[in-house]
Amino acid sequence: MADDFKDVLARLPAGVAIVTTRDEHGTPHGMTVSSFCSVSLTPPLVLVCLARSSRCFPVFARAERFAVSILRAEQTDLARRFATRLADKFAGGGFAPADDRAPIVEDALGAVECRTHQRHDAGDHVIVVGEVVDQVLAAAGPPAIYFDRRFATLDPNPVTAGGGTRGTG
Ligand SMILES: Cc1cc2nc3c(=O)[nH]c(=O)nc-3n(C[C@H](O)[C@H](O)[C@H](O)COP(=O)(O)O)c2cc1C
């Protein structure tokens, strides 16, 4: 059942993001997520679902602020690094200079900074809802996608009525 469930979910292409925060000492923490999505426009709310078993979960469970950076196709190395339990994932760089705010991925497609709005228990995860207090919109480009347990990107051509993509002949 659990494997079938995961197989079904693997059929859903998902965008890839990195959620970050800082602990009381200012140390950054973060992980790769595909559960990032929009919730509300007024007020502007987003959510991420975080596994209780993750190393950085306790920090997010008490954080008042966090940030989410939406990754480009060429940033999948960063996504892999942040999907491990490495003690210092930030040592490898890739983040814009920041003071005491949650780190933002340098040249991410877009990013939001959030104030924690609500937390909801949801099985072995916690749904963290954030109110967006600031945002970054960078130059457009192909996004990182996670599909069928692999990193991929999008064919930017729109699907036509016949199911094909425009511009491919
Ligand atoms: C593409 C992708 C998406 C992921 N999405 C989530 C997610 O939405 N929530 C989550 O808790 N873990 C997610 N993970 C797993 C975490 O990134 C992974 O468990 C990571 O090791 C957590 O870091 P930590 O244990 O250092 O806190 C995802 C992993 C990948 C590769």
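These numbers were taken from a predicted model, which means no experiment stands behind them. Note that ligands are numbered from 1 as they come in the structure, with each ligand's atoms numbered from 1 the same way.
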For [atom], what is the closest protein heavy atom, and at what distance to 0.1 Å?
atom	answer
atom 22 (C) of ligand 1	M31 CB, 3.7 Å
atom 5 (N) of ligand 1	S34 N, 3.0 Å
atom 23 (O) of ligand 1	K89 NZ, 3.0 Å
atom 25 (O) of ligand 1	R55 N, 2.9 Å
atom 1 (C) of ligand 1	Y146 CG, 3.3 Å
atom 2 (C) of ligand 1	T32 CG2, 3.8 Å

**Report entry** Contact check: A83 vs ligand 1, nitrogen or oxygen atoms, below 3.5 angstrom
**Finding:**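 Yes, at least one N or O pair falls under 3.5 Å.
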Side chain, backbone, both or neither: [X] near ligand 1, heavy atoms under 4.0 Å:
X	answer
V48	neither
C49	backbone
F82	backbone

Query - Contact check, R80 vs ligand 1, heavy-atom distance below 4.0 Å - result: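 Under 4.0 Å: no for R80.
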Requested in this report: Answer with yes or no whether F36 contacts ligand 1, where contact means a heavy atom under 4.0 Å from a ligand atom.
Outcome: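 Distance cut 4.0 Å: F36 fails for ligand 1.
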Requested in this report: Please determine if R52 and D121 form a salt bridge, counting it only when a charged side-chain N lies under 4.0 Å from a carboxylate O.
Outcome: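 Here R52 pairs with D121 in a salt bridge, since their nearest N and O are under 4.0 Å apart.
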Query - Carboxylate-amine/guanidinium contact R72 D107, below 4.0 Å - result: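 Result for this pair is yes, salt bridge flagged.
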Query - atom 19 (O) of ligand 1 touched by protein heavy atom at under 4.0 Å - result: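 No, no protein heavy atom sits under 4.0 Å from atom 19 (O) of ligand 1.
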